[in-house]
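Encoded as structure tokens, the structure appears first; notes follow it.
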Amino acid sequence: MPELPEVETVCRGLRPVMENNMITRVEQRRLNLRIPFPGDFVARLENSTVKSLWRRAKYILAELDSGDVLLMHLGMSGRFTIEEPQIPKKSSKGQQPGMFHREEAISKGSTHDHVVFHMSNGAVITYTDPRRFGLMTLIGAKQLHNHKLLKDIGIEPLGNELSGAYLAQSFCDKKTNLKTALLDQKFIAGLGNIYVCESLYRARLSPKRLAATLAKKNAEANNRADMLAEAIRNVLTDAVAAGGSSLNDYAQTNGELGYFQHSFDVYDREGEPCKRNRCPGKIRRIVQSGRSSFYCPRCQR
DNA sequence: CATGCCCCCTGCACGC
DNA sequence: TGCGTGCAGGGGGCAT
């Protein structure tokens, strides 16, 4: 499922075909995804030009010359496919699991293709989302920062603000465990279940640990907070790098963005051995706030 | 205000 | 083999 690194990858993939291009035609095939489309969605998009495209948390935002911002979220199963004119055909050999080729994508289509953008450069961008947990809406640029979906979102984990001190400060009076605190979007934006599990593993911190224990005023707590901040940054940076490289391969053979293989250290590895050198632990799964947590009880404390 | 839980929806992994 | 069941997941919104 798309998490922050996938959303970043999709954003980078969309940028060259959307930025500085006009949306000439929009096909909107249903009235809602997770939330209703604005009633004038198509009218407000057609004949407007995308000035810039960026990511905030797991949202993709496109600023239009009309003064609107197009806000998009991939939810659980959302993806974009780009068809560009005059791309040489490639052999269908060697495609990665879960991906399908441009030719198949075109001929098949899908009942889950909900929105199609036709761009002035000839690119056709299709949004597909079987589970419809994604969303698209339009916001006036001036209202952007007050919009309910964006106004309470915390810092970007790949920006400069993430530090041990920030985590300690944010969690000092939290009564929940670390896992729950890290998933709370008002502290760190865009951290999802997978990368919280992976970050805690890298920092050797138990998801069950009380969040406030990062804030004790002693050297050990400071160190833990620093380790966690570093782990979050590294996990996400690595994943973006992995997505970026496979995106290049992918975009040349077919247009679908944002699906690539990851290997995780703990996520979805219940019962399997801990990957840490010489650690005899087995990965355990527990449920916290209704979500699965995967961790090594032996080396995460 | 802080926290917990439900729910939106479909594909998929199970078990019989 | 085929069918039914239950679960996963982001995150808003509501109840507590």
Side-chain angles (χ1 to χ4, degrees), chain A residues 1-11 29-38 55-61 71-80 97-100 108-115 127-137 139 146-157 169-199 207-212 215 232 236 239 256 258-259 261-262 264 266-272 283-294:
Chain A
M1 67 294 316
E3 290 222 26
L4 186 151
E6 288 83 354
V7 177
E8 178 63 30
T9 302
V10 171
C11 190
R29 296 183 178 162
R30 47 179 302 125
L31 293 173
N32 66 292
L33 294 171
R34 189 160 66 76
I35 64 173
F37 289 95
R55 177 190 60 76
R56 172 78 172 113
K58 292 180 195 166
Y59 293 98
I60 297 168
L61 300 97
L71 182 75
M72 302 177 277
H73 196 289
L74 300 171
M76 289 293 305
S77 57
R79 70 192 82 158
F80 283 98
M99 302 175 172
F100 50 85
K108 264 187 181 171
S110 165
T111 53
H112 305 304
D113 293 347
H114 305 307
V115 180
Y127 178 74
T128 309
D129 186 1
R131 297 188 191 179
R132 307 207 299 274
F133 275 23
L135 65 87
M136 286 193 197
T137 194
I139 306 167
N146 296 321
H147 192 275
K148 64 177 176 184
L149 295 175
L150 298 173
K151 67 181 169 62
D152 294 322
I153 292 180
I155 62 165
E156 281 293 326
Q169 162 85 39
S170 301
F171 295 168
C172 65
D173 54 2
K174 295 292 284 182
K175 292 172 178 58
T176 51
N177 56 57
L178 260 184
K179 170 72 182 308
T180 306
L182 287 171
L183 281 177
D184 189 333
Q185 299 294 300
K186 71 172 175 289
F187 297 113
I188 305 178
L191 268 195
N193 201 34
I194 293 174
Y195 291 106
V196 167
C197 291
E198 295 296 310
S199 300
K208 296 193 287 189
R209 171 186 279 276
L210 286 179
I232 292 167
L236 293 176
E256 190 178 322
Y259 264 43
Q261 302 297 309
H262 285 305
F264 299 119
V266 287
Y267 184 78
D268 209 18
R269 293 192 63 241
E270 182 180 16
E272 294 179 41
I283 304 308
R284 180 178 296 170
R285 186 181 81 95
I286 59 174
V287 175
Q288 297 176 292
S289 309
R291 293 252 126 85
S292 289
S293 295
F294 298 88

key: C:dG11 phosphate, OP1 or OP2, under 4.0 Å from A:Lys148 side-chain N/O   = no
message = Which heavy atom of A:Asn177 sits nearest to which heavy atom of A:Pro207, and what is that distance?
response = CB-O, 3.3 Å
inquiry  = Between A:Arg34 and C:dG12, is there a contact of a side-chain N or O with OP1 or OP2 at under 4.0 Å?
reply    = no
query = Under 4.0 Å between a side-chain N or O of A:Lys175 and OP1 or OP2 of B:dA2?
reply = no
query = To the nearest Å, how far apart are A:Phe187 CZ and C:dG11 P?
reply = 16 Å
query = So what does A:Thr176 touch, heavy atoms closer than 4.0 Å: a base, only the sugar-phosphate, or nothing?
reply = sugar-phosphate
inquiry  = Please report the distance, rounded to the nearest Å, between CD in A:Glu270 and C1' in B:dA13.
reply    = 14 Å
query = Relative to each other, are the rings of A:Tyr127 and A:Phe80 parallel, tilted or perpendicular (30° and 60° limits)?
reply = tilted
message = Is there a side-chain contact between A:Lys186 and the phosphate of B:dA2, meaning an N or O under 4.0 Å from OP1 or OP2?
response = no
message = Under 4.0 Å, heavy atoms only, any strand: does A:Arg30 hit a base, just the sugar-phosphate, or nothing?
response = nothing
inquiry  = Can you tell me if A:Phe133 is stacked onto the base of C:dG11, using a 5.5 Å centroid cut-off and an angle below 30°?
reply    = no
Separation of C:dG11 P from A:Arg132 CZ (nearest whole Å) = 19 Å
request  = State which residues pass salt bridge (charged side-chain N to carboxylate O under 4.0 Å, His left out) with A:Arg291; sequence neighbours excluded, sorted by chain then number.
outcome  = none
ask   = Within this structure, what is the CD1-to-P distance between A:Ile194 and C:dG11, rounded to whole angstrom?
value = 12 Å
Per A:Pro130 side chain, nearest of listed nucleotides C:dA8, C:dG9, B:dG11 = B:dG11
ask   = Does atom CD of A:Gln169 have more than 12 heavy-atom neighbours from other groups under 6.0 Å away?
value = no
Nearest-angstrom distance from the residue atom CG of A:Leu74 to C1' of C:dG10 = 11 Å
ask   = Over how many whole Å does the gap from A:Gln288 atom CD to B:dT3 atom P extend?
value = 15 Å
inquiry  = Need one value for A:Leu183: base, sugar-phosphate or nothing, where a base atom within 4.0 Å counts as base even if backbone is also close, heavy atoms only.
reply    = nothing
B:dC9 OP1/OP2 closer than 4.0 Å to side-chain N/O of A:His112 = no
inquiry  = At less than 3.5 Å, do the side-chain atoms of A:Arg291 and the base atoms of C:dG10 form a donor-acceptor pair?
reply    = yes
key: Integer-rounded Å distance: B:dC7 P and A:Asn32 CG   = 18 Å
ask   = Can you name the nearest heavy-atom pair linking A:Arg56 to A:Ala189, along with the distance?
value = NH1-CB, 3.6 Å
inquiry  = Strictly below 4.0 Å: does A:His73 bring a side-chain N or O up to OP1 or OP2 of C:dG11?
reply    = yes
note = Taking B:dG11, C:dG10, C:dA8 as options, the one with an atom nearest any side-chain atom of A:Lys58 is C:dG10
